[in-house]
Amino acid sequence: MTTTKIQAFFLIFAVSATALFAQSQYDTTDIKRHLYYLASDELGGRYPETEGSQKASDYLRGQYAAMGLKLLFDNGFQHFQFINGWTSGDSNQAILNGRKLQIEKDFVPMDYFQTRLSSLDAEVVAVWGNISKFSDTEPEFKNRWVMMVENAAYDDLSRSHRVVKLMRAGASGVLIVADTLRPEILNVYRISTHKTTTMGPVACISKAIADSLLRGAGLTVDEIVNSTRTSGVSPTSVNYTKKLAKTIAVTTHFMPTYTNAKNVVAYMEGSDPVLKNEIIVVGGHYDHLGTQTRNSRKTGLPVTKIYNGADDNGSGSVGVLELAQKYSRQANRPKRSVIFVNFDAEELGLIGSSHFFDDTNAINPLCVKAMINLDMIGRYTDEKGLSVIGTNTSKETKELQKMISKSNNGLKTVDFPTSSVLFFGSDHVNYYKHKIPVVFFCTNVHPDYHKPTDTAEKINYQAMSHILQMADILLDNLANRKRNLNFKALEF
């Protein structure tokens with residue numbers, strides 16, 4: 001071969017390689033088009049079961065349909081319900097000295113611990129002072145109400161944590177003596193709203209009812225409050241208890257309220273007659289915090305703010321779409337099947353992904369061999385970098401990290417944290433629980449996280465393109481490799 005022919009060959013090769021490389025990139029214009037819509041004010045922050053959420057899910061499903069992908073479940077929607085709160089039921093009551101008390105005048109049932117229905121008819125022990133100084137086991141609390149005089153509780157604990165302390169010390173129920181009866185609905189410890197506990201009832205009672213309980217002991221609420229302030233003993237150094245001769249019967253009753261939600265799920269069947277029965281999942285949640293109206297601190301007037309969630313997680317939602325589009329267009333399908341899913345209700349406790357395997361028509365978790373999660377991939381900077389989390393959930397950790405690093409074509413900082421608080425904060429966790437290896441791409445938390453300022457113009461679209469290319473190469477490997485990854489549990 002002559003020198004001229006060699007030069008011509010390499011010129012053709014270079015042009016072809018450049019064209020091939022260009023085709024493999026993800027078009028930032030296309031990414032921006034999707035993201036500006038999903039993070040627009042029109043969609044109102046995509047909170048579950050809102051008009052904006054419906055528009056977002058319709059848009060995502062429409063994109064998958066246009067790609068020619070198979071829509072799973074109910075024409076692409078996997079419907080589910082979750083408990084979003086609690087409302088007062090019709091069985092709430094309190095009886096003292098044979099008299100039925102009035103709700104919101106004499107007492108208010110509290111939905112601490114999400115106890116659906118709980119009753120207690122028992123003697124009362126009054127407590128005040130430093131509640132935090134009670135031991136983990138107080139014999140006098142057993143099988144009794146513990147009545148906490150709130151204005152005489154001198155410690156650094158919040159009301160809810162005082163309730164927790166008394167329950168842990170043995171109280172069968174807690175009565176809170178408050179100046180005003182506010183029908184508060186609080187969640188102690190933010191217990192997941194789809195779970196309930198067997199903890200005893202909690203209720204606020206008026207000062208008048210508390211005085212009635214204290215009368216046999218020769219005390220009043222005001223006397224207790226004043227005595228702790230004038231005794232000469234620091235009220236933060238001691239706690240006080242007083243067994244009362246009175247009993248009170250209280251039933252608290254709460255009913256769950258539900259929100260309807262849906263995952264958007266599309267399917268690409270694998271090309272191999274055997275391996276097509278194995279599945280790789282690519283996911284990212286599409287919900288966010290919605291629209292909130294609060295009174296301005298300056299003017300006192302209501303101000304409405306939209307939590308657009310461009311990075312969290314408009315970016316990951318678009319990432320899933322872009323990968324689906326690329327694989328739907330290529331001539332050669334991967335050997336294994338691929339499911340592309342956008343989860344709902346992630347912000348409320350990873351709820352959508354927790355339902356992925358629950359549906360009667362759901363995918364068998366044993367068929368899923370790996371999961372790629374895209375959540376907040378839009379705010380890359382060299383300082384924060386890209387975190388690729390979860391490569392150590394398989395025994396092939398080094399192989400995956402090497403492959404992902406080699407696929408990096410433009411990012412300066414790519415890290416592989418082996419332990420990270422971020423690991424338990426996104427949807428891949430519900431796959432890891434099924435012993436499925438997971439890889440989670442994230443550009444880390446930023447000052448606009450969970451704020452109305454997380455908007456589309458702040459996204460680093462070029463970096464997103466690079467991240468999607470890395471996820472693409474990983475997906476191609478997982479869907480076509482000879483042997484599946486071997487799951488490995490994390491060590492903490």
Side-chain angles (χ1 to χ4, degrees), residues 88 92-113 115 118-134 138 140-141 144-167 169 171-186 188 200-236 238-254:
S88 181
N92 289 292
Q93 67 172 4
I95 299 174
L96 175 62
N97 297 329
R99 179 171 69 91
K100 192 172 183 179
L101 306 184
Q102 296 183 39
I103 291 182
E104 296 191 15
K105 177 183 177 184
D106 299 318
F107 82 105
V108 173
M110 309 294 288
D111 74 336
Y112 289 128
F113 309 108
T115 304
S118 185
S119 296
L120 180 63
D121 184 352
E123 294 179 341
V124 182
V125 175
V127 301
W128 61 94
N130 193 336
I131 304 298
S132 65
K133 286 190 174 292
F134 283 109
E138 294 287 341
E140 290 186 331
F141 290 0
R144 289 187 174 93
W145 286 101
V146 174
M147 183 175 76
M148 176 177 66
V149 182
E150 188 172 50
N151 287 351
Y154 298 96
D155 50 46
D156 293 329
L157 300 180
S158 65
R159 173 194 285 183
S160 60
H161 284 86
R162 288 171 183 154
V163 172
V164 171
K165 178 66 178 179
L166 296 175
M167 287 286 194
S172 295
V174 175
L175 301 172
I176 303 167
V177 183
D179 281 342
T180 58
L181 291 183
R182 297 167 294 170
E184 299 174 72
I185 305 299
L186 300 173
V188 176
V202 181
C204 271
I205 59 174
S206 69
K207 286 175 62 177
I209 298 301
D211 283 341
S212 180
L213 289 167
L214 288 164
R215 191 166 296 134
L219 290 170
T220 66
V221 172
D222 288 339
E223 287 172 352
I224 289 173
V225 173
N226 293 331
S227 68
T228 55
R229 293 174 177 170
T230 61
S231 64
V233 179
S234 172
T236 62
V238 293
N239 55 51
Y240 300 88
T241 63
K242 185 69 175 180
K243 289 175 64 175
L244 308 180
K246 297 289 186 67
T247 64
I248 187 171
V250 180
T251 297
T252 58
H253 182 210
F254 293 94

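On a predicted model such as this, the values are computed, not experimentally measured, just so you know.
For the atom pair N130 CG and R162 CZ, the distance stands at 9.0 Å (nearest 0.5 Å). Rounding to the nearest 0.5 Å places CZ of R99 at 5.0 Å from CG of D106. How far CG of N239 is from NZ of K133: 8.0 Å, rounded to the nearest 0.5 Å. For the atom pair CG (N92) and OG1 (T252), the distance works out to 6.5 Å, reported to the nearest 0.5 Å. We find the CZ-CD distance between R159 and E150 to be 4.0 Å, quoted to the nearest 0.5 Å. How far CE of M148 is from NZ of K165: 13.5 Å, rounded to the nearest 0.5 Å.
Residues I248 and W145 approach most closely at O-NE1, 3.0 Å, considering heavy atoms. Nearest heavy atom pair, residue V238 against residue Y240, reads CG2-OH, 3.2 Å. Residues G173 and M167 approach most closely at CA-CE, 4.2 Å, considering heavy atoms. For the pair L157 and D155, the tightest heavy-atom approach, listed with the atom from each and the gap, is N-OD1, 3.0 Å. Heavy-atom minimum distance, P201 versus S119: CG-C, 4.3 Å. Minimum interatomic distance between R144 and E140 (heavy atoms only, all atoms of both residues): NH1-O, 3.0 Å.
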Query raised in the report: When you look at L244 and M147, which way does the side chain to side chain contact (heavy atoms under 4.5 Å, CB included) test go after all the steps?
Result: CA-CA 10 Å; L244 308 180; M147 183 175 76; 4.0 Å; yes
Requested in this report: Kindly indicate, with the supporting measurements, whether the criterion side chain to side chain contact (heavy atoms under 4.5 Å, CB included) is fulfilled by N97 and K246.
Outcome: CA-CA 8 Å; N97 297 329; K246 297 289 186 67; 4.1 Å; yes
Would you tabulate the side-chain donor-acceptor contacts of residues 202-217 under 3.5 Å, counting partners in other chains and residues two or more places apart, or write 'none'?
from	atom 1	to	atom 2	distance (Å)
S206	OG	I209	N	3.2
K207	NZ	D222	OD1	2.9
D211	OD1	V221	N	2.8

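Qualifying ring-ring contact (aromatic ring centres under 6.0 Å, His included) partners for F134, counting only residues two or more places apart in sequence or in other chains: F141. For D156, the side-chain contact (heavy atoms from CB on, under 4.5 Å) test picks out no residue, with sequence neighbours left out.
In K242, the NZ atom is not crowded: 12 or fewer heavy atoms of neighbouring residues, nucleotides or ligands sit closer than 6.0 Å.
Ionic pairing of K243 and E123 is not present here: no N-O contact between side-chain nitrogen and carboxylate oxygen is shorter than 4.0 angstrom.
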